[in-house]
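Any value given below was found using the heavy atoms of this structure, including those in side chains, with hydrogens, waters and symmetry copies removed. Every chain is numbered from 1, with letters handed out A, B, ... down the list of sequences. From a predicted model like this one, the values you see are computed outputs, not experimental measurements.
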Amino acid sequence: MLDVSYLRKKRHVLEEALRKRGYSLAILDELTEIDARRREIITKANELRAKKNEISKKIGELRRRGEDASHLMEEAKKYDELLSELKEKEKEYDRKFWDLWGYVPNIPHESVPVGPDESANVVVREWGERREFRFTPRPHWDIAELLGILDWKSATEMSGSRFVTYRGLGARLERALINYFLDTHTKNGYTEIFPPILVKPEALYASGHLPKFHEEMYYINEDNLYLIPTAEASLANLHRGQVIPEDKLPLYYVAYTPCFRREAGSHGRDVRGIIRMHQFNKVELFKYTKPEESYEEHEKMVQDAERILQALGIPYRVVLLSTGDMGFAAAKTYDIEVWAPGLGRWLEASSVSNVEDFQARRANVKLKRKNGKTEYVHMLNGSGLATPRVFIAILENFQQEDGSVVIPEVLRPYMGVDAIRPE
RNA sequence: GGAGAGGUGGCCGAGCGGCCGAAGGCGGCGGCUUGCUAAGCCGUUGAGGGGAGCAUAUCCCCUCCGAGGGUUCGAAUCCCUCCCUCUCCGCCA
């Protein structure tokens, strides 16, 4: 959520932000109208309340002296009728306003390329050499089939499409990735967290996933809880309502969690393999920083994710997302895409965003300066990394002609083998 | 799941219908002291919103004592619902 003063005092900034993102500006007119009405009502109600409070105070004084106050009590009652109506309206407009304000996205940082969609994204750098194959590289689902490490039949039978069962060294590889990621990041100063995976709606409002993305998440009506779509949702709530002394910042967190997404809008897309799953594993990085340091920390976070791919030897590129492709809460986002030779395309394995104070405002996380002043912290999140796409990249990049897959050096201690071979 | 206790400012903690945005302590900030010295003394110190204002200066008002309702002229204080914490019992990986 943005600071409301943008609507009143810096409307041009908002307009520009919405235009850059390709959003309609209509919402601003609606907001302005509701806001004007809302303030009108608040002002009126406050005046009435002030008068009524005054009378009540007098009654108190009279009563204490043991004098009669019935005439004043009559007068006070008159205000009740006037107020009760206004109070209803006040609530109504307040709710309307804040609900709608929740649909206003974050303002893109000035360094973000402007464009309608991913076509305007900018490749910032590319790492590693894409391997030349002497044979036609297979897509990961064929390799997995040969190796017997992914079992689609059991998963679809027990859970449906977009679920998979990892088997044998496949399950082992998944676990190895999670552990390797966690071990690497904790060595780099991130504190490991294992958060709840079911969270309350309030938590998702704070992270910015609600109200907009209800449809994208699994919701358990019985208990009013959501399955998290990413650990970001949990980590953004780690310090809810807290005031953090500035010398404690920045805070670095890393968390492994499964993630759950309904993928409601992507029927028919990426249906084969493990590119797009309802349930997948991800190791998430998260930072709480001072506002003036967040962009520097953003760059560092991208590099922390990149280092993992470098150690694994997977070719990748870093893409700066354009205004039209960026997420709702983000002010600036880099994607890290791994090369998948079997598919012949780049796959997003990480998305690293600076949301500035967008989440902090709703989660109410502040920092206290040395001079006693408080302000909202900046929050950053990034995958470090999502396992399925790294899993794919390993299979496809390190496949041999006979279908076996060579395990990267750094994973061997976790795997216990140097290759996965056909059964 | 059952029985009970409780949720108050950055933290601890008093208050249990009006004089309470809230005693006291700790912490923070400012100052004084420098023979009680890893101290003492004095002062100061919550958040959000609305209005006036060039103003992130200042002033006025409203709201906030877990959240949401209710009773009352008036609620931190009384009633209801929900959330959370703790204790005991039950169940259980």
Listed pairs, N/O of protein and of nucleotides 80-83 of chain B, under 3.5 Å:
{"residue": "B:C83", "atom": "O2'", "partner": "A:Lys200", "partner atom": "NZ", "Å": "2.9"}

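- One P atom belongs to B:C86, the other to B:U72, and the distance between them is 38 Å to the nearest Å.
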Quick tally for nucleotides 50-67 of chain B: nucleotides whose base has a protein heavy atom under 4.0 Å get B, sugar-phosphate-only ones S, the rest -, giving SS----S----SSS----

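- Remark: A:Asn53 pairs with no residue by the side chain to side chain donor-acceptor pair (under 3.5 Å) rule, at least two apart or across chains.
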Write out a two-atom table: protein N or O, nucleotide N or O from nucleotides 43-47 of chain B, distance below 3.5 Å.
{"residue": "B:A47", "atom": "O3'", "partner": "A:Lys366", "partner atom": "NZ", "Å": "3.4"}

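- A straight line from CG of A:Leu62 to C1' of B:G74 spans 13 Å, rounded to a whole angstrom.
- Heavy-atom contacts from other residues, nucleotides or ligands closer than 6.0 Å to NZ of A:Lys300 number more than 12.
- When the C1' atom is used for both B:C12 and B:G74, the distance is 31 Å, rounded to whole Å.
- Taking atom C1' in both B:A5 and B:U44, one finds a spacing of 37 Å when rounded to whole Å.
- Counted by atom type alone, A:Glu306 and A:Tyr316 present one or more donor-acceptor pairs between their side chains at under 3.5 Å.
- If you check the side chains of A:Asp3 and A:Tyr376, you find no donor sitting under 3.5 Å from an acceptor.
- Counting to the nearest Å, the C1' atom of B:G48 and the CG atom of A:Asp3 are 12 Å from each other.
- With A:Tyr253 as the fixed residue, the side chain to side chain donor-acceptor pair (under 3.5 Å) test singles out one of A:His185, A:His239, A:Lys287, A:Glu192: A:His239.
- Of the charged side-chain nitrogens involved, none lies within less than 4.0 Å of a carboxylate oxygen, so that A:Glu16 and A:Arg19 do not count as a salt-bridged pair.
- Rounded to a whole angstrom, the distance from the C1' atom of B:A75 to that of B:C16 is 10 Å.
- In this structure, A:Arg167 places its CZ atom where only 12 or fewer heavy-atom neighbours from other residues, nucleotides or ligands lie under 6.0 Å away.
- Nucleic acid contact for A:Lys91: sugar-phosphate only, since backbone atoms but no base atoms lie under 4.0 Å from a heavy atom of the residue.
- Taking atom C1' in both B:G21 and B:A47, one finds a spacing of 10 Å when rounded to whole Å.
- Near RNA chain B, meaning a heavy atom under 4.0 Å from it, residues 235-249 of chain A has no residue at all.
- Nearer the 5' end of RNA chain B, as judged by each residue's closest nucleotide, is the contact made by A:Val4, out of A:Val4 and A:Ile59.
- One P atom belongs to B:A23, the other to B:G43, and the distance between them is 15 Å to the nearest Å.
- A centroid separation of 6.0 Å or more is found between the aromatic rings of A:His209 and A:Phe328.
- Electrostatic pairing of A:Arg162 and A:Glu263 does not count as a salt bridge here, judged by no charged N lying under 4.0 Å from a carboxylate O.
- The shortest distance between the side-chain N/O atoms of A:Lys77 and the OP1/OP2 oxygens of B:C73 is below 4.0 Å.
- Side-chain contact annotation: A:Asp151 with A:Ser154, donor-acceptor N/O pair under 3.5 Å present.
- Base pairing in RNA chain B gives the following stems of 3 or more Watson-Crick or G-U pairs, range against range and under 3.5 Å: B:1-7 with B:83-89, B:10-12 with B:24-26, B:27-32 with B:40-45, B:46-52 with B:58-64, B:66-70 with B:78-82.
- Between the NZ atom of A:Lys57 and the C1' atom of B:G18 there is a distance of 10 Å, rounded to whole Å.
- Of the C1' atoms belonging to B:G27 and B:G13, the separation is 14 Å, rounded to the nearest Å.
- Rounded to whole Å, atom P of B:G49 lies 11 Å from atom CG of A:Asp94.
- With hydrogens and angles left out, the side-chain atoms of A:Asp183 and A:Tyr414 include a donor and acceptor closer than 3.5 Å.
- In summary, the side chains of A:Glu356 and A:Tyr295 do present a donor paired with an acceptor at a separation below 3.5 Å, with no hydrogens or angles considered.
- A salt bridge links A:Asp29 with A:Arg11: the distance from a Lys NZ or Arg NE/NH1/NH2 to an Asp or Glu carboxylate oxygen falls below 4.0 Å.
- Backbone-only contact: A:Lys52 has heavy atoms under 4.0 Å from sugar-phosphate atoms and none from a base.
- Annotation: cation-pi geometry satisfied between A:Arg37 and A:Tyr93 (NZ/CZ under 6.0 angstrom from ring centroid, within 45° of ring axis).
- Using cut-offs of 30° and 60° on the angle between ring planes, the pair A:His278 and A:Phe163 is tilted.
- No hydrogens or angles considered: nothing links the side chains of A:Lys332 and A:Ser353 as a donor-acceptor pair under 3.5 Å.
- Between the side chain of A:Glu216 and the backbone N or O of A:Ala264, at least one donor-acceptor pair lies under 3.5 Å.
- Remark: P of B:C84 and CG of A:Asn224 are 10 Å apart, rounded to the nearest angstrom.
- A gap of 29 Å separates the P atoms of B:C89 and B:C79, to the nearest Å.
- B:G49 atom C1' lies 12 Å from atom CZ of A:Phe97, rounded to whole Å.
- Note on A:Lys78: every side-chain N or O is 4.0 Å or more away from OP1 and OP2 of B:C73.
- A side chain to side chain contact (heavy atoms under 4.5 Å, CB included) with A:Val302 is found for exactly one of A:Leu380, A:Asp335, A:Val318, A:Thr333, namely A:Val318.
- The interatomic distance linking A:Ile41 (CD1) with B:G49 (C1') rounds to 15 Å, in whole Å.
- Distance A:Asp80 CG to B:C73 P: 7 Å, rounded to the nearest Å.
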